[in-house]
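The structure appears below as structure tokens.
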Number of protein chains: 2
Amino acid sequence: MKRKITLKQIAKELDVSISTVSKALRNSPEISDDTKQKVQAFAKLYNYRPNNIALSLKNRKTNTIGIIIPEIVHHFFSKVIRGVETVANNRGYNVIIGLSNESFSKEVINMEMLANGSIDGFILSISKETQQLQDFHHFNETMSQGMPIVMFDRVVSEINCDKVIVDDLNGAKNAVEKLIQNGCESIALITTKDYVSVGKLRTQGYLEALQEHKMVPKAQLILKIDDTFDFESHLDMLENEIEQLFTSNKDIDGVFAVNELYALSAMKVARKLGLDIPNDVQVIGFTDGVLSKHATPGLTTVSQHAEQMGERAADLLIDKLEKEYDTEEESFQTIVIATDLVERESTK
Amino acid sequence: MKRKITLKQIAKELDVSISTVSKALRNSPEISDDTKQKVQAFAKLYNYRPNNIALSLKNRKTNTIGIIIPEIVHHFFSKVIRGVETVANNRGYNVIIGLSNESFSKEVINMEMLANGSIDGFILSISKETQQLQDFHHFNETMSQGMPIVMFDRVVSEINCDKVIVDDLNGAKNAVEKLIQNGCESIALITTKDYVSVGKLRTQGYLEALQEHKMVPKAQLILKIDDTFDFESHLDMLENEIEQLFTSNKDIDGVFAVNELYALSAMKVARKLGLDIPNDVQVIGFTDGVLSKHATPGLTTVSQHAEQMGERAADLLIDKLEKEYDTEEESFQTIVIATDLVERESTK
DNA sequence: TTTTAACACGAAAACGTTTTCGTGATTTTC
DNA sequence: GAAAATCACGAAAACGTTTTCGTGTTAAAA
């Protein structure tokens, strides 16, 4: 169990100074060819690699970016990570992850841990609890220490930083318009409580689509789910709520749901009530995840291009990290990723 | 944009030495109460936190563990990461991820990058390509440098290290026995080519179950899929193969598939051929992912307890990292995680 | 009053790099 | 043959910590 070899050891072994070894390995013209060859051969033999930590300390740059997300067992977030990872690795960066588990305090603690030198910048999506509490001091503190932040998907207007967001409003609007064009006249919306920014925007898209087609939104067609519950383990509660929606509104012929799970549950409930999809009810969801694709019937859904979001976020962050100090005035941009409607069998 | 404050700056500001500041903050008895209070108050005011990189360099310990997995957009691996993350954070470690994308060279490069000081040890699952190539030198090299490795799920017997594996054989066996008990007499197997270690073991479990019940395995009932294709984007090819299996074996009344996707595809094809699930054909899959739960009918499946695997792996690694040097002789253990059969509507 | 002990603090090394600057030896130039 | 230039290398600082070992000052013991 030999330790990794260091410059010092090579220097000692070859009876030269540490500086000489370092320079020889970096092919400095200061060093004679003789010495270079000797050193390089030795280094290769012992498989020398510079110690990253020492480099980070010296350069005050870790070449690592930190991702903070609310949850990793989630198709959307995994895809974003993958996008970040691709770009980061191509540009010579590592990725370190922290999970907030939708908790404010875990988000804060995780950020504090990573901010103490471990990383050069953050890519993050805000936890639900943070969105509720509206406490954003940790973001401001991090940024005031010169550590850039890029937010994605769940962003917050109070913080001035680079952002990558989905065009939730238009994504939802297009989906609902599709239902209208397909002949739906009584379109239900299954969404979340308003503090979830994306839920709010998608709700707004639903309303705008109706208005533009002179349709009057009815309150009893809008179901706002309290998603602080973990519905993965309480599916029945979710389904009960949806069943109530259907039974008290027999005329529903279209459903727009703000995520996959709600959409799938709606399909399940509809089938249970003897309704055929898509002939009696057409359904569109949000997020083109694995559930939509493999559902039966396949779920028509709004694709967010999660991987692309990760890529853009990573590029944004690394650009900022590597930008020279020439322009001192900070400028932040918000990238809006357009959505696509992926049509499957749950619509006509 | 002020930089993070350092000991040196505090020392200068308070006109004491760096050593004094350091000791004061760690409550050393060497320092007078007066000075301690002064220093601690100042540090708190400026929100001082020790620089992790400097600590890592000094202690030759990063308190970070590296995970290398083939793919992150995958329910099983995400769950493992979550398990690792939970334990790691509780025990004061960070988690850094690398994706091999099922590629040998990316696995090697990723490991080399992280091994140069960034992390204290690895938790990994081997890429398919590595399994095919049977080239494991990078694992040996890493370990010979004193960096411990814990492998999970896709392990390899040639390497001596801690391992956490699923009891694939018995998981599969139990599943097939369930089908037999439920009255199935012609049970098909949908599996992968043999170089995927877990596929091989699950196939073996299938065979053993049949043998123990005096049933003769028939070659034409076993479908070995070449999973170097990305079936997420070529679902139709997969479904064609399965359809052939059904049409040339009209008597199939049970299907055991070694993953969720194969199982779902089998259900889809069966339904298309007019077969009722579970009355005409019963289906069991492997991996209790999101697909099984939300499929219609719900898929009976073998649960691997991915999160628990991650937790055990993390504990194993950190135990090794923190073990005193007392017992010099290395000892490695293999933890076998038992599976559960989660019964849903795809079986009687 | 002298010796010893306790106290409170600082200097310096170490972790592994890179880089600036200096310097002795050789070579070139006039 | 003296001055200048080139060459090849080493010493040391710096990044931010922690920790060991001194050391000067004061208080207690003789």
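Values below: all heavy atoms of this structure, side chains included; hydrogens, waters and symmetry mates excluded. Chain identifiers are assigned alphabetically (A, B, ...) following the order of the sequence lines, protein sequences preceding nucleic acid strands; residue numbering begins at 1 within each chain.
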Next on the checklist: Parallel, tilted or perpendicular: which one describes the rings of A:F76 and A:H74, with boundaries at 30° and 60°?
Outcome noted: perpendicular
Next on the checklist: Mind checking if B:S22 touches a base, just sugar-phosphate, or nothing, with heavy atoms under 4.0 Å?
Outcome noted: base
Item to check | Those residues of residues 7-15 of chain A lying under 4.0 Å from DNA chain C by at least one heavy atom | outcome: A:L7, A:K8
Checklist entry - Taking atom types as they are modelled, is there a donor-acceptor pair under 3.5 Å from the base of C:dA11 to the side chain of B:S19? => result yes
Checklist entry - What does B:T35 touch in the nucleic acid at a heavy-atom separation under 4.0 angstrom: a base, only the sugar-phosphate, or nothing? => result sugar-phosphate
Checklist entry - Which is true for B:T6 with a 4.0 Å heavy-atom rule: it touches a base, it touches only sugar-phosphate, or it touches nothing? => result sugar-phosphate
Checklist entry - Taking atom types as modelled and ignoring hydrogens, do the side chains of B:K4 and B:N51 form a donor-acceptor contact shorter than 3.5 angstrom? => result no
Next on the checklist: Need to verify one output field. Residue with the more 5' nearest nucleotide on DNA chain D, B:K23 or B:L55?
Outcome noted: B:L55
Checklist entry - Ignoring hydrogens and angles, does a donor from either the side chain of A:K4 or the base of C:dG16 sit under 3.5 Å from an acceptor on the other? => result no
Item to check | From B:I126, B:L124, B:D135, residue fulfilling side-chain contact (heavy atoms from CB on, under 4.5 Å) relative to B:E107 | outcome: B:I126
Item to check | Residues which pass ring-ring contact (aromatic ring centres under 6.0 Å, His included) with A:F122, listed by chain and number, not counting sequence neighbours | outcome: none
Checklist entry - A:K58 NZ to C:dG16 C1': how many Å, rounded? => result 11 Å
Next on the checklist: For the residue pair A:S22 / A:S19, report whether a side-chain donor-acceptor contact shorter than 3.5 Å exists.
Outcome noted: no
